Amino acid sequence: MQHRIIVLGAGYTGAIAAGRLAKRLHRDDVAITLVNAEPDFVERVRMHQVAVGQDLRPRPFTEMFADTGVQLRLAKVTAVDVDRRTVALTDANGTDELAYDTLVYALGSGWNAQGVPGTAEHAYEIASRPGALRLRERLARLDAGQTVLVVGGGLTGLEAATEIAEARPDLDVALAARGALGDWLSPKGREHLGKVFGKLGITAYEHAAVSAVAADHVATADGRAIPAAVTVWTTGFAVHPIAQATALEVTGTGQIVVDGTMRSVSHPDVYAVGDAAMAMGAGDKPLRMSCASGTPMAWQAADAIAARLTGGKLPTAHLRYFNQCISLGRKEGLIQYVTADDRAVSAVLTGRLAAAYKEMICKGAAWGVANPTLGMPTRRHRVARDRAATGSVARATA
Ligand SMILES: Cc1cc2nc3c(=O)[nH]c(=O)nc-3n(C[C@H](O)[C@H](O)[C@H](O)COP(=O)(O)OP(=O)(O)OC[C@H]3O[C@@H](n4cnc5c(N)ncnc54)[C@H](O)[C@@H]3O)c2cc1C
């Protein structure tokens with residue numbers, strides 16, 4: 001009997017987990033199904049580039065997963081029943097249900113409007129490809145001198161504001177940050193960011209908590225009105241509500257709570273990775289939603305599932321950070337080196353070298369999806385007989 005592994009979501013983490021499992025486990029012993037709503041891999045870390053009109057290389061899953069043994073299923077996940085161990089799907093043919101023995105939940109996240117009035121009607125988002133394409137179309141119609149306001153001073157906001165300002169020097173680009181601009185960066189990092197903002201002519205509104213969005217401006221909690229022909233909302237990500245509707249243990253924001261092997265703390269046959277999961281990193285701090293966290297989470301989950309199925313050694317890697325790689329347009333960048341728990345240290349890399357480094361990281365992230373064992377030789381292990389049968393893995397190793 002084959003052990004049925006279903007991976008939900010083929011973003012960075014789900015695709016890596018599925019591919020790595022296929023390289024770790026013998027094809028006769030497992031059936032790996034990867035479910036995704038779209039037929040091609042979306043390089044989400046480049047959505048600000050898409051928004052300003054850059055075209056990305058198409059990456060169809062049929063090519064990426066050719067000859068891997070991973071079965072692709074193009075469908076939208078609508079629900080998960082962790083008691084019956086089933087997944088409900090819809091596709092062009094209607095509804096369907098798949099049964100699993102092990103589930104990897106990697107549905108990622110979308111934008112987070114945080115309930116601010118007017119966002120749904122007036123703001124643009126770049127957390128998804130449809131969102132980025134919508135903004136692209138809107139930016140293309142803007143006349144010189146019109147204002148684009150990016151709300152959110154985090155990594156995505158910085159990347160969006162600089163990308164737009166570089167691509168459209170005729171526009172008036174501004175950014176509203178809740179705190180001071182780049183306040184988590186080192187002094188050198190902040191100084192460089194300030195210089196690039198100055199060079200690109202970006203206005204920074206600091207300590208500006210946006211409390212409402214209208215068609216032509218935003219209002220801040222301290223009573224300011226900031227003009228904006230277009231408002232781009234980048235204040236963090238929110239997970240899809242599917243996990244929250246299950247019996248899985250989730251956080252208040254709907255992330256699945258997992259242990260160090262990315263296994264659900266409430267349901268041992270469920271693993272969660274990427275933005276959808278709440279895992280602890282160095283210093284017992286929750287990992288932030290990012291590829292930087294999600295990629296090692298996916299490796300860890302795949303290796304743990306393979307180990308539990310084959311009787312191998314569980315992975316013990318501690319997830320940590322090394323740097324934050326921020327593109328500031330195509331010609332500038334900022335690599336902020338950090339401690340294992342993501343606090344800035346003084347060292348930074350800036351300028352064209354940093355831009356090239358960031359580009360290499362983005363290319364490497366996509367390469368890592370197609371090469372989930374980082375080019376290491378494939379060693380497919382046999383699944384221990386007593387563990388292949390439905391449910392036995394969870395009970396045998398819980
Ligand atoms: C503009 C931008 C820049 C970024 N830059 C960086 C960066 O420089 N460094 C970094 O580390 N992180 C960056 N991030 C964050 C990073 O992109 C995410 O943390 C990462 O994509 C999360 O990976 P994931 O696999 O969890 O989810 P995703 O990449 O979001 O993948 C989820 C997948 O699930 C699919 N899916 C969702 N719902 C369903 C459903 N109901 N049914 C079927 N399929 C579904 C989606 O189509 C998608 O393929 C950036 C994000 C954005 C938006």
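Bear in mind the structure is a predicted one, so any value in this text is a computation, not a measurement. Whatever order the structure lists ligands and atoms in, that order sets their numbers, starting from 1.
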What is the nearest protein non-hydrogen atom to atom 21 (O) of ligand 1, stated with its residue, atom name and distance? Y12 CD1, 3.4 Å

Close N or O approach (I126, ligand 1; < 3.5 Å): no

Can you tell me if A106 has a non-hydrogen atom under 4.0 Å from ligand 1? yes

Checking the N or O distance criterion of under 3.5 Å, is ligand 1 in contact with S290? yes

Verify the distance criterion only: is there a donor paired with an acceptor across the side chains of T261 and R308 at less than 3.5 Å? yes

Using a strict cut-off of 4.0 Å, indicate which atoms of ligand 1 neighbour a heavy atom of K358. 7 (C), 8 (O)

Do you see a donor-acceptor pair shorter than 3.5 Å between the side chains of Y100 and D269? no

For A75, the ligand 1 atoms whose distance to one of its heavy atoms is below 4.0 Å: 42 (N), 43 (C)

W233 and T235: side-chain donor and acceptor closer than 3.5 Å? yes

Can you pull out the closest protein heavy atom to atom 37 (C) of ligand 1? Residue, atom name and distance to 0.1 Å, please. L107 O, 3.3 Å

So does G94 get a backbone contact from the side chain of T90, meaning a donor-acceptor N/O pair under 3.5 Å? no

Testing the 3.5 Å rule here: is there a donor-acceptor pair between the side chains of E159 and T162? no

Can you tell me the protein heavy atom closest to atom 27 (O) of ligand 1 and the distance? G108 CA, 3.2 Å

Answer with yes or no whether the side chains of S109 and R44 bring together a donor and an acceptor at under 3.5 Å. yes

Result block: side-chain N/O donor-acceptor pairs under 3.5 angstrom for residues 16-25, not counting sequence neighbours:
from, atom 1, to, atom 2, distance (Å)
R20, NE, D303, OD1, 2.9
R20, NH1, P372, O, 2.8
R20, NH2, D303, OD2, 2.8
R24, NE, D303, OD1, 2.9

Backbone N or O of G260 within a donor-acceptor pair of the Q300 side chain at under 3.5 Å? yes

Would you mind listing which atoms of ligand 1 come within a distance below 4.0 Å of any non-hydrogen atom of E159? 3 (C), 5 (N)

Do the side-chain N and O atoms of W184 and Q324 include a donor-acceptor pair separated by under 3.5 angstrom? yes

Of all the non-hydrogen atoms in the protein, which one sits nearest to atom 19 (O) of ligand 1, and at what distance? D275 OD1, 2.8 Å

In terms of its nearest heavy atom to atom 50 (C) of ligand 1, the top option of I361, I326, T295, V45 is V45

Under 3.5 Å between any N/O of N36 and any N/O of ligand 1: does that happen in this structure? yes

In terms of atom number and element, which parts of ligand 1 are under 4.0 angstrom from non-hydrogen atoms of E38? 47 (O)

Can you tell me if V42 has a non-hydrogen atom under 4.0 Å from ligand 1? no

Ignoring hydrogens and angles, state whether a donor on the side chain of E163 or Q54 is under 3.5 Å from an acceptor on the partner side chain. yes

Would I242 count as a polar contact of ligand 1, with the cut-off being nitrogen or oxygen pairs under 3.5 Å? no

Out of all atoms in ligand 1, which are within 4.0 Å of some heavy atom of G274? Include the element for each. 26 (O)

Treating Q2 as the side-chain partner and V30 as the backbone partner, does any N or O pair qualify as donor plus acceptor under 3.5 Å? yes

For A10, which part has a heavy atom under 4.0 Å from ligand 1: side chain, backbone, both, or neither? backbone

Which ligand 1 atoms, with their elements, are less than 4.0 angstrom from a heavy-atom of A127? 53 (C)

Ligand 1 and A37, any nitrogen or oxygen pair closer than 3.5 angstrom? yes

What part of R46 sits under 4.0 Å from ligand 1 if we count only heavy atoms: the side chain, the backbone, both or neither? neither

Closer than 4.0 Å to some heavy atom of K76 - which atoms of ligand 1 meet that? 41 (N), 42 (N), 43 (C)

Atom 28 (P) of ligand 1: which protein heavy atom is closest, and how many Å away? R44 NH1, 3.7 Å

Tell me, which pairs form a ring-ring contact (aromatic ring centres under 6.0 Å, His included) where one or both residues lie in residues 26-65, sequence neighbours left out? Y12-F41

For atom 41 (N) of ligand 1, grab the closest protein heavy atom and report residue, atom and distance to one decimal in Å. V77 O, 3.0 Å

Using side chain to side chain donor-acceptor pair (under 3.5 Å), reason through H267 and E249 one step at a time and then give a plain yes or no. CA-CA 8 Å; H267 291 72; E249 182 170 331; over 6 Å; no

Verify, without hydrogens or angle tests, whether K188 (side chain) and V348 (backbone) share a donor-acceptor contact under 3.5 angstrom. no

From the options A298, G9, G11, select the one whose nearest heavy atom is closest to atom 31 (O) of ligand 1. G11

Atom 23 (O) of ligand 1 - nearest protein heavy atom and its distance: T13 CG2, 4.1 Å

Checking a contact table here: which protein heavy atom is nearest atom 16 (C) of ligand 1, and how many Å away? C291 N, 3.9 Å

Heavy atom under 4.0 Å from ligand 1: found in T156's side chain, backbone, both, or neither? side chain

Looking at ligand 1, is there an atom of it that comes within less than 4.0 Å of some heavy atom belonging to F237? yes

When clusters are formed by joining ILVMFWY residues with side-chain heavy atoms under 4.5 Å apart, either directly or through shared neighbours, do L200 and I164 land in the same one? yes

Scan side-chain atoms only and decide if S293 and Y321 contain a donor-acceptor pair under the 3.5 Å cut-off. yes

Any atoms of ligand 1 less than 4.0 Å from a non-hydrogen atom of M289? List them with their elements. 19 (O)

Is it true that E38 and R129 have a side-chain N and a carboxylate O under 4.0 angstrom from each other? yes

